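Quick caveat, the model's predicted, so the values are computed rather than measured. Throughout, a chain's letter reflects where its sequence line sits, starting with A, and its residues are numbered from 1.
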2 protein chains.
Amino acid sequence: MSDKKPTINDVAREAGVSKRTVSRVINGSANVGEKTQKLIQSVIERLDYSPDKQARGLASSRSYLLGLIYDNPDALYIDQVQRGVLEVCSKQGYELVVHPCQYSSDKLVEDCQGFIRRSKIDGVIVLPPVSESKQLAAALRENNQCYVRMASVDLDDHMNIVVSDERAAMAEMARYLVSMGHRDIAFITGPLSYYSSLERLAGFRSTLQQLGLALPESQVFEGQNSYQSGIDAAKRILSKTTRPTAIFANNDEMAAGVLKVAHNMGINVPEQLSVAGFDDNLLASRIIPSLTTIQRPVGAMAALAAQKIIRAIEKSDPVSSESDFLVKPHLIIRESTAPCTKS
Amino acid sequence: MSDKKPTINDVAREAGVSKRTVSRVINGSANVGEKTQKLIQSVIERLDYSPDKQARGLASSRSYLLGLIYDNPDALYIDQVQRGVLEVCSKQGYELVVHPCQYSSDKLVEDCQGFIRRSKIDGVIVLPPVSESKQLAAALRENNQCYVRMASVDLDDHMNIVVSDERAAMAEMARYLVSMGHRDIAFITGPLSYYSSLERLAGFRSTLQQLGLALPESQVFEGQNSYQSGIDAAKRILSKTTRPTAIFANNDEMAAGVLKVAHNMGINVPEQLSVAGFDDNLLASRIIPSLTTIQRPVGAMAALAAQKIIRAIEKSDPVSSESDFLVKPHLIIRESTAPCTKS
DNA sequence: TTGTAGGCGTTATCAG
DNA sequence: CTGATAACGCCTACAA
């Protein structure tokens with residue numbers, strides 16, 4: 001093919017101008033004559049020139065690298081995020097560097113900072129639950145690093161966050177279950193140290209109250225968002241003398257655990273018990289019966305986050321409008337829920 | 001904290017030597033006096049100095065970036081790979097850049113080359129099915145780029161590949177099903193244009209033959225590795241007048257489809273029909289009944305691939321021993337298979 | 001509107 | 001064994 005990658009010098013020589021002028025064209029500076037502009041543009045095309053990111057970065061102290069920080073067991077979620085981010089960032093000349101980490105580690109902040117520093121990452125997108133860390137956010141801000149958090153609660157400047165309105169989604173879930181006639185509903189939460197868990201619970205409970213119903217504490221069970229914890233909670237719930245007619249679980253993994261326990265106990269879903277989850281992960285549509293759940297527009301959220309971060313990095317429009325930080329999840333009704341048949 | 005990141009100059013000045021000598025120490029060159037060595041080492045520690053990757057890259061034309069190229073719908077697989085790779089590469093100072101692509105696109109090669117070129121990726125790990133592309137491999141080799149393919153068939157120099165012995169795994173699967181008394185087994189393959197599909201089929205069939213049994217063409221159905229294609233195949237298989245007593249599906253997604261169809265037709269698994277899959281993805285353990293399947297040591301494979309690639313990049317030991325390119329998957333027995341009850 | 005010169009932090013060449 | 005000095009490819013004051 002070619003001998004070597006062409007440099008800015010090759011372009012300059014070929015076009016009969018100086019590096020500086022070529023540089024101006026590359027970076028879209030206004031102060032270039034129409035003709036020279038066109039000329040250089042054509043030479044660039046002909047030589048198939050593209051600026052060297054490393055050299056560029058060394059000079060301007062940027063890397064054209066975006067980081068993705070997460071500690072999330074849901075691989076499907078991560079995958080959707082990665083694709084969403086890449087869709088936006090690769091077009092803009094950025095690459096995506098992944099960085100799984102440990103949310104509960106006391107070296108979290110240090111670890112993430114190291115990651116950013118070592119590779120001069122231009123900006124990071126932080127996924128839940130890491131995105132809920134106050135310490136990390138504070139450190140990022142303090143060190144003047146660009147970041148966008150993806151979260152379920154509005155806990156930062158709208159410039160630095162993209163949130164899915166899970167309160168609203170849970171309101172929808174509550175209305176749906178009630179409309180199916182369910183009055184006696186058990187709720188398996190995620191870890192109560194997560195904002196997302198509290199938010200979902202609050203959204204559900206307040207809607208129930210609006211409908212003149214209640215979600216007593218005795219019907220709330222804390223889970224850990226894991227399959228096993230779903231099983232544990234389900235056992236406790238279903239072994240009570242009066243069973244609820246419906247169970248909501250904070251994620252699909254736990255809902256799958258509920259289904260398993262119900263199956264083992266010979267309880268038919270959805271005839272005798274309705275079950276709903278949250279996430280719409282791979283499981284949800286494959287499991288039998290398929291799961292009624294909440295789907296978040298994960299890819300869209302990620303793409304939005306990528307846009308915000310690039311905007312921030314390039315400071316072209318530091319003020320992002322308020323309108324583009326909130327996305328709406330929605331209810332997906334499948335086979336695991338049905339009208340309440342209890343007298 | 002600090003004012004700015006210390007540079008090699010700071011270290012040199014502080015230690016009273018020249019940049020060059022510091023550079024030697026950093027890169028572990030032998031030609032440095034014992035004392036100067038120690039001295040510089042200590043200064044580096046004290047200043048918490050670490051070399052700037054961009055500058056380093058610019059000078060040595062390396063980026064300390066590893067690429068991950070894939071077009072695989074199984075997010076769990078991707079996630080395991082990423083973690084496996086990172087475990088190795090982050091310790092060695094490399095970061096991981098992800099690059100999903102389209103295997104069937106006619107611009108695949110171009111796209112991947114562009115990715116590598118644009119960011120001066122030092123080496124790439126290619127996942128199936130992209131890893132099966134002859135064109136891509138040829139282009140990579142021709143352009144002298146470091147790469148390691150992860151695959152199920154030994155189709156490259158052992159330096160450039162890590163393969164999981166799926167033929168052996170399928171032999172195990174065949175022996176297991178036969179040992180359970182199954183003689184009439186249906187086989188849903190993956191796309192027959194994939195080596196992996198052919199390999200699994202061949203491993204299964206040849207073992208059956210060794211056991212004096214056969215897998216007639218009439219029992220082989222081509223699927224697309226998707227849930228829907230599993231459903232389609234299962235419908236064809238289960239609507240025949242004489243049903244097989246067991247069905248193997250080329251992956252768990254399709255096996256889930258089989259389970260779904262069986263459920264809808266009122267066929268009990270595993271009492272009336274045994275079902276097995278391949279992958280051990282998230283579904284396998286969650287679905288009811290949980291799935292007998294094959295688990296590959298994906299993380300280990302990925303880690304191995306990372307090691308090989310770094311070794312190749314740093315050319316410290318260009319010849320990797322033959323022994324470390326093969327990994328062994330193994331059978332996981334769960335609830336979806338049982339002894340054959342047919343007369 | 002365009003060009004000159006110096007710098008970003010390393011590595012590499014070649015003397016001493 | 002060590003040290004000036006020139007790349008590496010691009011950006012950016014500062015001039016012209």
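- A pairwise comparison of heavy atoms in Asp79(B) and Ala75(A) identifies CB-CB, 3.5 Å as the closest pair.
- A donor-acceptor pair shorter than 3.5 Å cannot be found between the side chains of Ser61(A) and Lys120(A).
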When you compare the protein's N or O atoms with those of nucleotides 10-12 of chain C, which come within less than 3.5 Å of each other, and at what distance?
from    : atom 1 : to       : atom 2 : distance (Å)
dT10(C) : OP1    : Tyr49(B) : OH     : 2.8
dT10(C) : OP1    : Asp52(B) : N      : 3.0
dT10(C) : OP2    : Ile8(B)  : N      : 2.5
dT10(C) : O5'    : Tyr49(B) : OH     : 3.2
dT10(C) : O4     : Lys19(B) : NZ     : 3.0
dT11(C) : OP1    : Asn27(B) : OD1    : 3.3
dT11(C) : OP1    : Asn27(B) : ND2    : 3.1
dT11(C) : OP1    : Arg56(B) : NE     : 2.8
dT11(C) : OP2    : Ser23(B) : OG     : 2.8
dA12(C) : N7     : Arg20(B) : NE     : 3.3

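- Using a 4.0 Å heavy-atom criterion, one finds that Ser61(A) contacts no nucleic acid atom at all.
- Here dG9(C) presents its C1' atom at 14 Å from CZ of Arg13(B), a figure rounded to the nearest Å.
- Here Thr21(A) does not reach the OP1 or OP2 of dT2(C): none of its side-chain N or O atoms lies under 4.0 Å away.
- Closest non-hydrogen pair, Val97(A) versus Phe115(A), comes out as CG1-CE1, 3.7 Å.
- Taking atom CD1 on Ile40(A) and atom P on dC10(D), their separation rounds to 14 Å, with Å as the unit.
- Taking atom NZ on Lys53(A) and atom P on dC11(D), their separation rounds to 13 Å, with Å as the unit.
- The listed nucleotides are dT1(C), dG3(D), dG3(C); the one nearest the side chain of Asn31(A) is dT1(C).
- Residue pairs meeting the ring-ring contact (aromatic ring centres under 6.0 Å, His included) criterion with at least one partner in residues 67-95 of chain A, sequence neighbours excluded, are Tyr64(A)-Tyr94(A).
- Crowding of Gln102(B) atom CD: a count of heavy atoms from other residues, nucleotides or ligands under 6.0 Å not exceeding 12.
- For the pair Arg118(B) CZ and dG9(D) C1', the computed distance is 18 Å after rounding to whole Å.
- The distance between atom CD1 of Ile44(A) and atom P of dG9(D), rounded to the nearest whole Å, is 16 Å.
- The salt bridge (Lys or Arg N to Asp or Glu O under 4.0 Å) test with Lys308(A) is passed by exactly one of Asp157(A), Asp156(A), Asp324(A): Asp324(A).
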